[in-house]
Protein chains: 2
Amino acid sequence: MTAARTPTPADRPRLGLRERKKIKTREAIREATYALIKEHGYDATTIEQIAERAEVSPSTVFRYFPTKEDIVLTDEYDPVLLEELRARPTDEPWPDTVRHVMREAIRTGVEEDAEVARLRTHLMVQVPAVRSRMMESMSVTGRMLCAAIAERTGRDPDSLEVRVYAMSLIGGLMETSLYWAENGHRDDFAALVDRTLEVLQHGLPQEEI
Amino acid sequence: MTAARTPTPADRPRLGLRERKKIKTREAIREATYALIKEHGYDATTIEQIAERAEVSPSTVFRYFPTKEDIVLTDEYDPVLLEELRARPTDEPWPDTVRHVMREAIRTGVEEDAEVARLRTHLMVQVPAVRSRMMESMSVTGRMLCAAIAERTGRDPDSLEVRVYAMSLIGGLMETSLYWAENGHRDDFAALVDRTLEVLQHGLPQEEI
DNA sequence: CCATGAAATGAGAGTAGCTGTCAAAACGTA
DNA sequence: TACGTTTTGACAGCTACTCTCATTTCATGG
């Protein structure tokens, strides 16, 4: 890869020109999409417009993203999550692990690009298709969670108990995101997550009934 | 249809001819859809085919159902659920209420037409679009659950805690349905629901960690 | 520096879900 | 039977998405 004459200046090429171009194209499409949605809204933004602004053909847009919703949503949190999960000490109480992992995931996910995270959750509230797609991706995350829980606790990842536990966790956190967005992103998201985990662990704060 | 006089024979018309026809049309569309899906699968079944077999125009199909997925899924469980929920004594412990209501909902929903329930859950597993739509409708159910919980416990239905609680419940039950379908509907669904509620109440059966 | 093979792109046609409009048909009622 | 309303069908149109094929762009070996 490196040599011939100087096709790869050794500075930091590592990836060939082709790879770099692909990454740039992918980002161009995403940025174009975000910009257009901010200007005209989700539904009013067509693939054709996105393609035009990103300076690619509509065909190419579909080569990079399977659906329109995916342009907005796709971003690989799962590997980060999994890595974070494995990094925790094995003897740590499970609820603490969840808390740590979620906080970390939120930090890297939300604070890294707050604007995008807000637009994304905003669209989740506004656009059913996006919300659906989000839920789909969460069920994938759920499967991964099952594996992690199973690995950690020595259970069967396909058992009803593990799956229900994972999915209720995911569902709860999903609702937390929606709550956050619906209330104009005013709350501290980390604090909301804490309250969520509290409910999931101990049920509704028992006052009556 | 029958005559100039006797337009409403007093037998059991109650609903005018128009209403009755609408119900019949709705059922015809649904039956046509189920039949075609069983024969050729979900994706290979087009609205045009459905319309043809149901002996209506494609326009009419869309007048009765907003989307293709809705033809398969729509069925109003929510009112039944809500009614069931309100019928329980106020001093009953909340988990017991949930158990009763879910059991009842399942009885009327699943056992009433087992075949349809199976096809439906089967499609949930197989067809992403159907699964998504199902999740959408569950989040609507979630909102209703919030209201019911709030009414019952005197909380704010829009509070984070109530919403998270409701959504985790829904998410867990959703996963239970998927589990049921994936395992070929072999388990007793009511028993699965019991195990699900157990997990949601007390977490994973605490062995280690 | 050029030739060859592989990968990415663009252009175009085509499918299907879904929306909206408008005139014709079916129904309810007096 | 006649009139007003509701329901329907036919049609045009939009857009997301798929598939195919020719063209361009990059990688590599001589």
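Predicted model, so just to flag it, every value in this text is computed and none were measured. In what follows, every chain begins at residue 1, and chains take the letters A, B, ... in the order their sequences are listed.
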Rounded to the nearest Å, what distance is computed from the CG atom of residue D43(B) to the P atom of nucleotide dC19(D)?
12 Å

Take atom CD in E48(A); do more than 12 heavy atoms of anything else shown fall under 6.0 Å from it?
no

Using a 4.0 Å heavy-atom cut-off across all strands, classify F65(A) as base, sugar-phosphate, or nothing.
nothing

Could you tell me whether Q201(B) atom CD has more than 12 heavy atoms of other residues or ligands within 6.0 Å of it?
yes

Between T60(B) and dG9(D), is there a side-chain N or O to OP1/OP2 distance below 4.0 Å?
yes

Any N or O donor-acceptor pair linking the side chain of R18(A) to the base of dT25(D) at under 3.5 Å?
yes

Candidates dA16(D), dA11(C), dG9(D) - which lies nearest the side chain of F62(A):
dA16(D)

In whole Å, what is the span from the CZ atom of R133(B) to the C1' atom of dC18(C)?
14 Å

Does the side chain of Y64(A) get closer than 4.0 angstrom to OP1 or OP2 of dT9(C) through an N or O atom?
yes

Roughly what angle, to 10°, lies between the helix axis at the start of the helix from dC1(C)-dG30(D) to dA30(C)-dT1(D) and the one at its end, five pairs per end?
10°

M124(B) CE to R133(B) CZ distance, which is reported to the nearest 0.5 Å
12.5 Å

May I have the distance from R63(A) (atom CZ) to dT24(D) (atom P), rounded to whole angstrom?
15 Å

Rounded to the Å, how far apart are E19(B) CD and dG28(C) P?
9 Å

Just checking S59(B): base, sugar-phosphate only, or nothing, at a heavy-atom cut-off of under 4.0 Å?
base

Tell me the interatomic distance from K24(A), atom NZ, to dA8(C), atom P, rounded to whole angstroms.
17 Å

Distance below 4.0 Å between K22(A) side-chain N/O and dA8(C) OP1 or OP2
yes

For atom CG of L36(A) and atom P of dA16(D), their distance in whole Å:
12 Å

Could you work out, with side chain to side chain contact (heavy atoms under 4.5 Å, CB included) as the rule, every residue matching E151(B), not counting sequence neighbours?
R86(B)

What are the two closest non-hydrogen atoms of P58(A) and A51(A), and how far apart are they?
N-CB, 3.6 Å

Nucleotide nearest K68(B) (side chain, heavy atoms from C-beta), chosen from dA16(D), dC18(C), dA10(D):
dC18(C)

Starting from the C-alpha separation in whole Å, work towards a yes-or-no answer on salt bridge (charged side-chain N to carboxylate O under 4.0 Å, His left out) for D158(A) and R143(A).
CA-CA 9 Å; D158(A) 297 322; R143(A) 301 300 297 173; 3.2 Å; yes

Heavy-atom count around E83(B) CD within 6.0 Å, excluding the residue itself: above 12?
no

Look at the side-chain N and O atoms of K21(B) and state whether any lies under 4.0 Å from the OP1 or OP2 oxygen of dC27(C).
yes

Distance in angstrom units between R20(A) CZ and dA8(C) C1', rounded
16 Å

Given atom CD1 of I23(B) and atom P of dT6(D), what is their separation to the nearest angstrom?
18 Å

